[in-house]
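Quick caveat, the model's predicted, so the values are computed rather than measured. To find a chain, count down the sequence lines: A is the first, B the second, and so on, and within it residues start at 1.
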Amino acid sequence: MADVAVQLPDGTVQTHAATTTSMDIATAISPGLARNVIAAELGGRIVDASRPLGEVAGGDGSGGGGAADGPLPLKLLTSRDASALDVLRHSAAHVMARAVMRLYQGVSLAFGPTTSGGFYYDFDLPEKISEDDFPKIEAEMAKIIKEKEPFERFSLDRDEALKLCQEMGQDLKVEHIQTGLGDQASVSFYRQGEFVDLCRGPHIPDAGRIKAIKLLSVAGAYWKGDASGRQLQRLYGTAFFDKKDLAAYLEQLEEARRRDHRVLGKKHGLFAINQEVGPGLPLWLPKGARVRVMLEDFLRGELLRRGYDPVYSPHLGRVELYETSGHFPYYRDSQFPPLFGSEAGGLLDAWSRRLEEGTLDRDGEDKLMAAAEVLGVSLPDYKPSASAEDRRAVLHQWQTVHERYLVKPMNCPHHCQIFAAQPRSYRQLPLRLFEFGTVYRHEQTGELNGMLRVRGLTQDDAHIFCTDDQVEHEFRATIELTKFVLESVGFDDYRVQLSLRDPKSDKYVGSPENWNRAEGALRGVLEDSGLQYNEQPGEAAFYGPKADFMVRDCIGRSWQLGTVQLDYNLPDRFKLEYTGADNRGHRPVMIHRAPFGSLERFTGMLIEHFAGAFPLWLAPEQVRVLPLSEKTTEYALATAQQFEAAGLRVSTDLRNSKVQAKIRDAQLELVPYMVVVGPKEAEAGQVALRDRIDGDLGSMPTAEAIARLEQEVRERRVRQVVKSSFTQAEDAAGEKHEY
RNA sequence: GCUGCUGUAGCUCAGCUGGUAGAGCACAUCCUUGGUAAGGAUGAGGUCAUGGGUUCGAGUCCCAUCAGCAGCUCCA
């Protein structure tokens, strides 16, 4: 094989035999470097330091470039390179799997990739691993690491690979080679001592490079993400080059827990979710409600300024409304069940569903018919011999004349009816209808998460009805509005996800032409907006594509806040029309949009974003007046009244304790400003202002203090954001280790 | 919904191999009347998530239910 030319970061070009490895090159430079090399970045690919250059340069077909294009850029990765940490963690996952296999019988390996904070490995094994077993597994891992055995790569063609995995009893790997890797001619394995694993790599030179390791948690996971498939046990862990880094990471986790909105929400009395009311049904306590009112007022003002019309719609709607929109059949299982106006309603509903699923036998059907009769329902047209479809039609006929209501899971059908309630002319468009609409969705129990995922939520919902020609302008305006809203509260770290349909799926309504139009329009405006966005096929709503604004929580998980959705389909389903300039009927286009998303999630994210310390304009309590002693109680009350008259949210701390203690409490409760008043201030008509962030600001006339605060509110100034350590975490893993 | 873990005072938690509940903070009352992050004393507060079971005896052991947490799956 031909020699390979490589170019080092300093520009030097070296030519080596094809069998030379990156490690050889490192050794030639200095033994110290060789000791620190973790892996190599060769021609843009991260590979084992022990891989011969020739293999990477052109050998296995998957490499980029090739020697013909000139020297391959070569970077020797050490613990200082971010991508080296990923390699280390992937190797740590192997070490963990090896330890687990030593300790447990019948372990079937699934996948073991890295994540932004560490790694995991999925196992299928008969025994349950619990956190109590972690010390034992960690000890075994420590033993493996101490032996410093190398990671050795080898390739096999498919048949050999299958045979090897079969011999090892690794049935999940066998399945993966047959299905997931069906198009690969050969696959690679890594051996470390007795442990051999199908794996793409790359890996660290030897296990001794792992200096700090910790198992974090164990949880269930599904084989290849399929909820109907096998459930595996997933062990999470993390690894670092340095024990100090591990300690810092654990401290980060601890800090994240402290700023968790559920912890802060309880501590600061913002909201409560209790068992009596029900899971996922938050109660907004006065302080949390204060924040929400400020957000609502802020947005309402913006919307009125931007040509929106406020509307209100009821919390219930007839089921037929949602049958028309398509929501009822499509989201049946994640809605609260319908409310029936007749007691037989539930019976016929269950009956109809069984017919639909094909799970109703003759005996069951007879019983249902008898039960219906008992309840006084007469169905003369129902013929057990008819097709399931015809039988359902008879039931449905009965249902439509008897009342069935749905607690509304969406506002759009109601808004469509508001559009349809009056004749519309093209002169009225765009028509922008907005409402803080409360909706209820029966989210799966395992999904509920504080305020971030709830069953009762209020959307800052609006629907824009416009002409085809207006779509682009309106869409652009909503994107701008969403940006403006996010930035007004200080969210500056978000990304936009353009969710498109999956062309292979049949879950979507509407014609392909409509979809192409909608997706094209969204993409075009996002392109022009200069926002960073990524496309996610298969993530669209069933009626249209959407642009979601994703914001990260304090431990790096992404949540959808703002959303803008383009919809050519609901207007069709509701047969909406406006009269055009040509005096003919035309179908409007609909844009769904919600800059906050939901008030619940938005507020939850804000709590984490500010770690509970809201900027002045949002703070539930803006000022607390602290009299030095009971001697100045009256002056304190009078002062508080002055602040209140200026529209500031103020309280007084008249407790019989020292001012130091009152200050401490106000600081801990994150009140932005404190006003200390004693005899001196009372005499001079002044206040001693104390800033939560900067401390004592000295005495000043009361009016001056008020003016200062008023201005800060007016500017909606965000003075301090406690940065989360997890802001850059996501997607750091980049390339996935698929096997 | 699935797997695993958890459920003791308003909050954070202790309670050994079963013998009938405890701390700190918060709260209330009193003393103290203070100058920018904790003054002191006293007191009130718990059917140990709920329902069964084992036992002479259950906060502690077993089962079920409910709720919470982590992850998976889902998300209009």
Give each protein N/O atom lying under 3.5 Å from an N/O atom of nucleotides 3-7 of chain B, with the pair distance.
unit_1, atom_1, unit_2, atom_2, d
B:U3, O4', A:Gln231, OE1, 3.3
B:U3, O4', A:Gln231, NE2, 3.4
B:U3, O2, A:Gly220, N, 3.2

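- Here B:G39 presents its C1' atom at 13 Å from NZ of A:Lys662, a figure rounded to the nearest Å.
- Taking side-chain N and O atoms only, A:Arg257 has no distance below 4.0 Å to OP1 or OP2 of B:C69.
- Separating the CD1 atom of A:Ile693 from the P atom of B:A37 is a distance of 16 Å, rounded to the nearest angstrom.
- Ring geometry for A:Tyr543 against A:His327 counts as perpendicular: the plane angle is over 60°, on a 0 to 90° scale with 30° as the lower cut.
- Atom pair A:Asp653:CG and B:A26:P shows a separation of 12 Å (rounding to whole Å applied).
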Stepwise salt bridge (Lys or Arg N to Asp or Glu O under 4.0 Å) check, A:Asp260 with A:Arg262: CA-CA 5 Å; A:Asp260 185 315; A:Arg262 291 165 299 191; 2.6 Å; yes

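- Nucleotides B:A23 and B:C48, compared at atom C1', are 16 Å apart to the nearest Å.
- The side chain of A:Arg262 approaches B:C69 more closely than any other nucleotide in the set B:G71, B:C69, B:A67.
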Polar-atom pairs under 3.5 Å, protein N or O versus N or O of nucleotides 74-76 of chain B: list them with distances, or write none.
unit_1, atom_1, unit_2, atom_2, d
B:C74, O2, A:Arg453, NH2, 2.9
B:C74, N3, A:Glu447, OE1, 3.4
B:C74, N3, A:Arg453, NH1, 3.1
B:C75, O2, A:Arg453, NE, 3.4
B:C75, O2, A:Arg453, NH1, 3.2
B:C75, O2, A:Arg453, NH2, 3.2
B:A76, OP1, A:Tyr331, OH, 3.4
B:A76, OP2, A:Lys546, NZ, 3.3
B:A76, O4', A:Tyr331, OH, 3.0
B:A76, N6, A:Ser334, O, 3.1
B:A76, N6, A:Ser334, OG, 2.9

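- Using a 4.0 Å heavy-atom cutoff across all strands shown, A:Ala688 reaches at least one base atom of the nucleic acid.
- A donor-acceptor contact under 3.5 angstrom links the side chains of A:His176 and A:Lys224, judged on distance only.
- Nucleotides B:G18 and B:C61, compared at atom C1', are 8 Å apart to the nearest Å.
- Between A:Arg230 and A:Asp122 there is no salt bridge, since no side-chain nitrogen of the basic residue lies less than 4.0 Å from a carboxylate oxygen of the acidic one.
- A:Pro679 comes within 4.0 angstrom of a nucleotide base, judged by non-hydrogen atoms across all strands.
- B:G59 and B:A49 have their C1' atoms separated by 12 Å, with the value rounded to a whole Å.
- Comment: A:Glu669 engages A:Arg624 in a salt bridge, judged by a side-chain N to carboxylate O separation of less than 4.0 angstrom.
- A salt bridge does not link A:Lys631 to A:Glu681: none of the charged nitrogens lies less than 4.0 Å from a carboxylate oxygen.
- Residues A:Asn449 and A:Glu681 each lie close to RNA chain B; by heavy-atom proximity, the contact nearer the 5' end of the strand is made by A:Glu681.
- One finds a side-chain N or O of A:Arg557 lying less than 4.0 angstrom from the OP1 or OP2 phosphate oxygen of B:G71.
- Taking atom P on both nucleotides, B:A28 is separated from B:G45 by 16 Å, rounded to a whole Å.
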Verdict with supporting geometry, A:Arg690 and A:Gln667, side chain to side chain donor-acceptor pair (under 3.5 Å): CA-CA 10 Å; A:Arg690 184 189 162 93; A:Gln667 286 283 149; 3.2 Å; yes

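- The partner of B:A38 cannot be assigned: no Watson-Crick or G-U wobble pair with both contacts below 3.5 Å exists in any strand.
- For a distance-only test at 3.5 Å, the side chain of A:Tyr222 fails to qualify as a donor-acceptor partner of the base of B:G71.
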Atom pairs under 3.5 Å, N or O on each side, protein against nucleotides 10-12 of chain B: can you list them with distances?
none

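- Taking 4.0 Å as the cut-off between side-chain N and carboxylate O, A:Glu323 and A:Arg404 count as a salt-bridged pair.
- Look at the C1' atom in both B:C13 and B:G19: the space between them is 24 Å, to the nearest Å.
- Here B:U3 sits opposite B:A70 as a Watson-Crick or G-U wobble pair (both hydrogen-bonding atom distances under 3.5 Å).
- Contact annotation for A:Leu668: base contact, defined as any heavy-atom pair under 4.0 Å involving a base atom.
- The nearest whole Å value for the distance from the CG atom in A:Asp691 to the C1' atom in B:U36 is 12 Å.
- Look at A:Arg257 and A:Glu254 and you find a salt bridge, because one of the NZ, NE, NH1 or NH2 atoms lies within 4.0 Å of a carboxylate O, short of that distance.
- Considering only side-chain atoms of A:Thr445, the nucleotide from B:U33, B:G1, B:G39 that sits closest is B:G1.
- You'll find that the side chain of A:Glu630 is closest to B:U33, out of B:G68, B:A70, B:U33.
- Taking the P atoms as reference points, B:A58 lies 37 Å from B:A26, given to the whole Å.
- Rounded to a whole Å, the CD atom of A:Gln660 is 11 Å from the P atom of B:G34.
- Counting non-hydrogen atoms under 4.0 angstrom, A:Arg230 reaches nothing in the nucleic acid.
- A 3.5 Å limit on both hydrogen-bonding distances identifies no Watson-Crick or G-U partner for B:U33.
- As the counterpart of B:C56, B:G19 is assigned, both hydrogen-bonding distances of the Watson-Crick or G-U wobble pattern falling under 3.5 Å.
- Relative ring orientation between A:His463 and A:Phe465 is described as tilted, the plane-to-plane angle lying within the 30° to 60° band.
- The pairing partner recorded for B:G10 is B:C25, the criterion being a Watson-Crick or G-U wobble arrangement whose two distances lie under 3.5 angstrom.
- OP1 and OP2 of B:G39 both lie 4.0 Å or more from every side-chain N or O belonging to A:Arg655.
- A 4.5 Å side-chain heavy-atom check between A:Ile137 and A:Leu235 finds at least one atom pair inside the cut-off.
- Rounded to whole Å, the separation between the C1' atoms of B:U36 and B:U29 comes to 28 Å.
- A salt bridge is defined here as a Lys NZ or Arg NE, NH1 or NH2 lying under 4.0 Å from an Asp or Glu carboxylate O, and A:Arg441 with A:Glu443 fails to meet this definition.
- Geometrically, A:Arg234 engages A:Tyr120 in a cation-pi contact, judged by NZ or CZ lying under 6.0 Å from the ring centre and within 45° of the ring axis.
- If you check every strand for non-hydrogen atoms under 4.0 Å, A:Arg234 touches sugar and phosphate atoms only.
- Nucleotide B:A70 holds its P atom 14 Å from the CD atom of A:Glu254, rounded to whole Å.
- Rounded to a whole angstrom, the distance from the C1' atom of B:G46 to that of B:A9 is 5 Å.
- The residues A:Asp691 and A:Arg708 are annotated as not salt-bridged, no charged nitrogen and carboxylate oxygen being separated by less than 4.0 angstrom.
- When both distances must be under 3.5 Å, the Watson-Crick or G-U wobble mate of B:U47 does not exist.
- Distance NZ (A:Lys631) to C1' (B:G35): 13 Å, rounded to an integer number of Å.
- A:Lys267 comes within 4.0 angstrom of no nucleic acid atom, judged by non-hydrogen atoms across all strands.
- Atoms CG (A:Asp665) and C1' (B:C25) sit 11 Å apart, rounded to a whole Å.
- A:Arg664 has no side-chain polar atom (N or O) that falls below the 4.0 Å cut-off from OP1 or OP2 of B:U36.
- Under the 4.0 Å criterion applied to side-chain N and carboxylate O atoms, A:Lys408 and A:Glu435 are assigned as salt-bridge partners.
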